[in-house]
> 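Handing you this structure, nothing more for now.
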Amino acid sequence: MASEQSTQGQHFVECDLCQKPVSFFCRRCGVNLCDPCVPVHLRLKSKTGHDVVHFTSREDEKTCLCESHPLNDCSAYCKTCDVPICFLCVSITHKTHEISELSDKIKELNRQGKTEELLNVIAKENERLQSSKQDLEKILNHTTKQLSWLPLNYKKKKDEVTARGEKWHKQIEETVKKLHQELDDMQKEHEAVLQKQKKGFEEMIEKVDEINKKVIELHKSKNAIEIQRFKPMIEKQETLKEFSQYSFPTFFECKIDPNYLQTYFGYVEKTQVKKMSLFENNFKDNDLPGRRILYVPTITTVIDTGFPASEKYKSRLYGMVVTDDNKVWMGGESTELKLFDLQGHLHHTVSITVLGFYLCMYNKQVVYSDHPNKAVRMISDTDTVVTMFTTGDWKLYGVTSTASGDLLVCLRKDDQSKVVRYSSTGTVLQEIQYDSQCQPLYKDAKYITENVNGDIIVTDWEKKAVIAVDRLGIFRYSYSKKDSKFKPSSVATDCVGHVIVTDIGGHKIHMLDRDGRFLRYIIPDGGIKYPRGVCILGDGEMMVGECNTGIAKRIKYLEE
């Protein structure tokens, strides 16, 4: 009866090739076939092959396709690999493995309830994926919107850059115009001085010629009365002892920094009239504008910092840095930082977990290097220690803030040493390690500072040298001494760019110009012993710490 119903059902479906009653179905192609058309269909080429089944079985579960041979159905199961395989796999890849019928494996899974278990797992995973679809669609929508906004936003940024460039151009043009006017005014002043001087010289020469003419006449006349009257007159006539020399304006030009896109230029010294002896050379290199270095610098304040001595090196006082209100933070052989005023009074003490070797000021807060823990830390207004950032595998030493608002840190790992510029959040902005010949710039960079011209200056304890690079990290100069006692310790710079280096081994303070040329030693009356930390106080003064005595000396080195 069932067979008859099935046959009756088949009369309503026709073969797709000849419209005869259907008997078979090709699962791969989705084609209805009668008995005569099956061989014809099987001869047709197909990328996926053919899978012809009885029409009544067309809705049964689809045959599993072989992963290694996608055109073939899986007819066996490899127990060794636990995967369904086709007849080619049986004879090639899995020929030495334990093989069973695929139908047996399916029956086994059904009997053990594994199929239902797997379906449950698949259902849960599918539910998870479907629930995440909403999030994916949101992200897709956001990404699509970003892509649509991208051209407009970048155009806006380019317009901002263009506007800033136009503003800079305008400022540069105004500055150039102003400097041109200043030069015109200087030229007029210069011409007036020289014209006046020229006229004076011409009158003097005319006077000398008249005197010479008179002398010749007296030699001829031998008039005793005239000779007696003329003698005191000629003796009163003075020869030229000095004259006014007009110096030309000096143009000081710095490189344009591509990192910060700023141009610094201007006249650092206006023209001036200077009385010069006929036998006098030009002014000395170690003169500061309007100020001269004291021949014997004077000590105005002596501060006993009270730091104890280390057991190994007997040293006490290490780092120091000046605040905006002219007080000085000092660190030594103690887990404390002390704040002194310039008269030597202790104002504040802060506890830290390391010795205060390397200090700097950043946003009016004292910052120090936590050498053991490889971190840069800051003391907040509430005396809380705040970690700014860490330096990974690199040990850190000297630290200094920069005019651009960054931090420069000396780092060392194994036998490598480098200087790294960080943002306040610890983003690496620049690394300085090698010169133009790819040779290491540093061996043991310890203390560091930034000069007014952007130079980055480091003391290297292993090289026993002061090494300077420009703001781009390009080598500028190296300063060292043949003296075996020379050991540069700390470094600071004053407002005009002079470099101050403490020489802990030679018991001296070296002053260099901004190009690394030695100017002179700064040795106060009474001397300085084991100088290490140094900071410039302003108004021609510095604070220098004697490492082994724990004494800090306020030294005046410029005339009033």
Side-chain angles (χ1 to χ4, degrees), residues 301-310 315-392 394-411 420-427 446-450 490 492 532-538 542-547 549-554:
T301 307
V302 175
I303 303 173
D304 186 351
T305 62
F307 287 111
S310 69
S315 55
R316 300 171 182 266
L317 180 56
Y318 302 135
M320 56 177 58
V321 62
V322 63
T323 65
D324 289 347
D325 57 350
N326 250 12
K327 295 183 180 67
V328 181
W329 281 104
M330 301 186 192
E333 187 66 25
S334 166
T335 55
E336 288 183 337
L337 298 180
K338 299 180 180 181
L339 181 65
F340 292 90
D341 64 23
L342 298 188
Q343 287 70 46
H345 303 120
L346 179 62
H347 279 253
H348 195 54
T349 301
V350 174
S351 295
I352 57 177
T353 58
V354 295
L355 303 182
F357 282 104
Y358 309 102
L359 312 176
C360 78
M361 296 301 297
Y362 185 81
N363 288 342
K364 299 185 179 182
Q365 306 296 327
V366 64
V367 170
Y368 66 93
S369 291
D370 186 341
H371 173 79
N373 299 300
K374 303 170 186 174
V376 174
R377 307 195 193 276
M378 176 190 289
I379 305 298
S380 71
D381 290 331
T382 58
D383 292 348
T384 304
V385 176
V386 179
T387 300
M388 297 183 70
F389 55 86
T390 58
T391 56
W394 293 76
K395 295 180 180 179
L396 69 160
Y397 297 89
V399 58
T400 188
S401 59
T402 70
S404 60
D406 307 321
L407 286 167
L408 292 168
V409 184
C410 296
L411 299 179
V420 177
R421 184 189 298 271
Y422 289 94
S423 70
S424 60
T425 57
T427 301
K446 278 293 193 288
Y447 285 87
I448 186 169
T449 190
E450 183 186 56
S490 187
R532 181 164 180 162
V534 61
C535 59
I536 304 300
L537 305 177
M542 66 176 73
M543 187 74 75
V544 181
E546 292 186 339
C547 183
T549 66
I551 298 295
K553 295 182 177 180
R554 179 184 174 188

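Just so it is clear, the values below take in all heavy atoms, side chains as well, and ignore hydrogens, waters and symmetry mates. This one's a predicted model, so the numbers in the text were calculated from it and none came from an experiment.
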> side-chain hydrogen bond (donor to acceptor under 3.5 Å, both in side chains) with Ser380: which residues, sequence neighbours excluded?
Thr382
> With sequence neighbours left out, write down each residue that passes ring-ring contact (aromatic ring centres under 6.0 Å, His included) with His371, or none if nothing qualifies.
Tyr397
> What pairs with Ala492 under side-chain contact (heavy atoms from CB on, under 4.5 Å), at least two apart in sequence or on another chain?
Val534, Ile536
> Once salt bridge (Lys or Arg N to Asp or Glu O under 4.0 Å) is applied, do any residues pair with Lys553, and if so which ones, sequence neighbours excluded?
Glu546
> ring-ring contact (aromatic ring centres under 6.0 Å, His included) with Phe357: which residues, sequence neighbours excluded?
Tyr318
> Of all residues at least two apart in sequence or in a different chain, which pass the side-chain hydrogen bond (donor to acceptor under 3.5 Å, both in side chains) check with Asp341?
His345, His347
> Between Ser310 (side chain only) and Ser315 (backbone N and O only), is there a donor and an acceptor less than 3.5 Å apart?
yes
> Mind checking the CG-OG spacing from Asp406 to Ser401? Nearest 0.5 Å is all I need.
10.0 Å
> Could you work out, with side-chain hydrogen bond (donor to acceptor under 3.5 Å, both in side chains) as the rule, every residue matching Thr353, not counting sequence neighbours?
none
> Could you grab the distance from atom CD1 of Ile551 to atom CG of Leu317, nearest 0.5 Å is fine?
9.0 Å
> Taking ring-ring contact (aromatic ring centres under 6.0 Å, His included) as the definition, give me every residue that meets it alongside Phe389, ordered by chain and number, with sequence neighbours left out.
Tyr422
> Who pairs with Lys327 by side-chain hydrogen bond (donor to acceptor under 3.5 Å, both in side chains), at least two apart in sequence or on another chain?
Asp325
> Determine which pairs satisfy salt bridge (charged side-chain N to carboxylate O under 4.0 Å, His left out) with at least one residue from residues 354-381, sequence neighbours left out, and list them in order.
Asp370-Arg377
> Could you work out, with side-chain contact (heavy atoms from CB on, under 4.5 Å) as the rule, every residue matching Leu346, not counting sequence neighbours?
Lys338, Phe340, Thr349
> Restricting to ring-ring contact (aromatic ring centres under 6.0 Å, His included), what partner residues turn up for Tyr447, sequence neighbours left out?
Tyr358
> Pick from Thr400, Leu407, Val399, Val409: which one makes a side chain to side chain contact (heavy atoms under 4.5 Å, CB included) with Ile448?
Thr400
